[in-house]
Protein chains: 2
Amino acid sequence: MRRPTLEAVATRAGVSKSTVSRVVNGEATVGPDIRALVMRAVNELDYMPNPAARSLVTQRTDSIAVIVSDPPAGLVSDDPMFSTVVRAASREFEAAGKQVALMLAGTADSRLRVRQFVAAGHVDGVMLMSMHGADPLPAALAATGVPIVSHGRPAVSVDVPWVDNDNIGGAALAVRHLLDRGRRRIAMISGPLDMSAAQDRLGAYRATLRETGRRSIVAIGDFTRISGAEAMFQLLDDDPALDAVFAANDLMAIGALRALRRAGRRVPDDVAVVGYDDIEAALYTDPPLTTVRSPMGDQAVASARLLLGLLENRPMSSVVLPTELIVRDSS
Amino acid sequence: MRRPTLEAVATRAGVSKSTVSRVVNGEATVGPDIRALVMRAVNELDYMPNPAARSLVTQRTDSIAVIVSDPPAGLVSDDPMFSTVVRAASREFEAAGKQVALMLAGTADSRLRVRQFVAAGHVDGVMLMSMHGADPLPAALAATGVPIVSHGRPAVSVDVPWVDNDNIGGAALAVRHLLDRGRRRIAMISGPLDMSAAQDRLGAYRATLRETGRRSIVAIGDFTRISGAEAMFQLLDDDPALDAVFAANDLMAIGALRALRRAGRRVPDDVAVVGYDDIEAALYTDPPLTTVRSPMGDQAVASARLLLGLLENRPMSSVVLPTELIVRDSS
DNA sequence: GATCATGAAGAGAGCGCTCCCTCCAAAAGG
DNA sequence: CCTTTTGGAGGGAGCGCTCTCTTCATGATC
């Protein structure tokens, strides 16, 4: 037994397919009595339009690809960014009647898959997340003509509108705060330098220190807890006298906290720590983490809205959201 | 300008649509020379089959709905379970050539959306995540005839195969460990009782204590950090002399750790803490958290495989995965 | 009463693909 | 040499829907 079709509903209601189509799509040009008749038939048969047939003719799919650059299996599995951003964006898209197709793009294989998927017309739009600099995906997708937005400014300049937080301003906030607290030797744990957020935060750290004539001390991580811990150990090695560290995200700050504990340093007495993002976990560290709040959820929502606007052919442009320093006990 | 169709490829290669279709779908009954001819035309035109047209006739979509019961906006945004499970399952589905459609099912509205989406034939199968007891969704979806699996045993008995970890065995492990450590007054922070995992963990806690003639002391949380902290305060209020607490997941254990710190109790000296799940964060608490490792990623992979098997009409049955106690410094 | 404007409903082509059926040529068998 | 078998290729119906075009009824206008 097959699912009922438009035609079945039409027959049952004693009207034409066209009329049923009009009712189902909410067009105004149908008399109220006929509309009621059709609705009754629809309900009786539990009719639902076949999405494949519909999108075959409309050339729309009412779905959006959310593309996450996935690390190789096993790495960074519980990234709070993923959860927050995907959820917030999904809610926004669902509210607009768009379905979210989630795709992981880590390997070259999966990037090919993604490109094919998008080029085949599976989705009406694409939202990119956490793109790395070397990634050829944004350009490849832009070439398909499908509207794209990037959550986070792409590292290489490519003609894709984006939404980001004020990484430069936020990082400057963090460093100035440490300076205000009287810290002299402020180190930084940077994110991977092929991501614009990492570049900007590092750049602002350097610039701010330079203003006061101080030297920068940097170790590079990859935004994971473990890399934060490793970077911290290295920094302690490089400059045992450091009295503050600014981590480019909270996850690395958490790793740094653990490394400092292991190394016998007290926070904030010996070393002050400031993170970035203000994830929920920052409230639960010991001591609670001073951090720069980046409005991750808002950023995701803004990205989604940007894309939705693009789909309606409204002129849209990139957005920078403000950040805020949240002072807790780690600094 | 439109994307090239099968017909365009056929014309260019000088063969029939049927032949192109055969080549594109990898059928064996095409001569090697003709196949090469067609492939050349495909590449030259950058042809990609239109998925809507294809699924209109095949009645397949090659996609899977992953349905997450989403809490109201703003709550538990950075659930590590979400990230781990969604990613692991996605990878598995993608490897099998299935696309993942992510749907949030929190409100009654969204549940209706989900039901319609599935009933309309948008997907070939459904994977349910973290279903609560009262949720009518599993039954409603089962009625559509689309294959379903549940990640986590559904609370109410419904004819849906599932994959879970050994909640009873795992919780018993945790409690026995605390008893072995000489703890006398062992409290528990339970998860929401409309979820089977919470029920089973609580049940095993009670049963294990009963064996040794001890009283159980329980507070109920909802698997979030904040609820863990609140539950911990309540437990301290109820029984200031408690010397151990078993939290039904690590997030709540982390909340409990913070509450204990605020209340001036030392961990593990005054109060031992054991969690459940072994999320990555458990390694970074102070002190590092003793916990029951539930193989979340494996469970997600197993759920995905179960569904993929169902789609191939292979007979499949529910799975229980073993757990393991990871002893760290909090107990 | 004849003409025209208006709005509601029906007819049917066509979206791009798959898959059943038919056809044909070459190989195998008598 | 003719018939039968076989495998590779083409023809074309039809999947379920939308949307343009057409038709028809109604009421307004002269």
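Proteins come first, then strands; the chains are lettered A, B, ... in the order of their sequence lines, and each starts at number 1. These figures come from a predicted structure and were not determined experimentally.
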> Is any side-chain nitrogen or oxygen of B/S16 closer than 4.0 Å to OP1 or OP2 of D/dG10?
yes
> Decide, yes or no, whether a salt bridge links B/R40 with B/D33 under the criterion of side-chain N to carboxylate O below 4.0 Å.
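Looking at B/D33 together with B/R40, the answer is no, because their closest N to O distance does not fall below 4.0 Å.
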> Please tell me which of the listed nucleotides, D/dC17, C/dA9, C/dG16, lies nearest to the side chain of A/V30?
C/dA9
> Could you please name the option among C/dG10, D/dG16, C/dC17 that lies closest to any side-chain atom of B/N50?
C/dC17
> Which nucleotide sits closest to the side chain of A/A53: D/dC17, D/dC15, C/dT18?
D/dC17
> Would you compute the distance between atom CD of B/Q99 and atom OG1 of B/T61 and round it to the nearest 0.5 angstrom?
10.0 Å
> Please report the shortest heavy-atom distance between B/A120 and A/M48, naming the atom on each side.
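Scanning both residues, the minimum pair turns out to be N-SD, 3.9 Å.
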> Working to the nearest 0.5 Å, report the span between CD of B/Q299 and CG of B/L321.
6.0 Å
> Quantified as the angle between the terminal helix axes (five pairs each), what is the overall bend of the helix from C/dG1-D/dC30 to C/dG30-D/dC1 to 10 degrees?
50°
> When rounded to the nearest 0.5 angstrom, what distance separates OG in B/S130 from CE in B/M81?
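Reported value, rounded in 0.5 Å steps: 5.5 Å.
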> Once ring-ring contact (aromatic ring centres under 6.0 Å, His included) is applied, what residue pairs with a partner in residues 120-146 of chain A remain, sequence neighbours excluded?
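Every pair satisfying ring-ring contact (aromatic ring centres under 6.0 Å, His included) with a residue in residues 120-146 of chain A: A/F117-A/H122.
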> Check the interface with nucleotides 19-22 of chain D: list each N/O to N/O pair with the protein under 3.5 Å, or write none.
from   : atom 1 : to    : atom 2 : distance (Å)
D/dC19 : N4     : A/S18 : OG     : 3.4

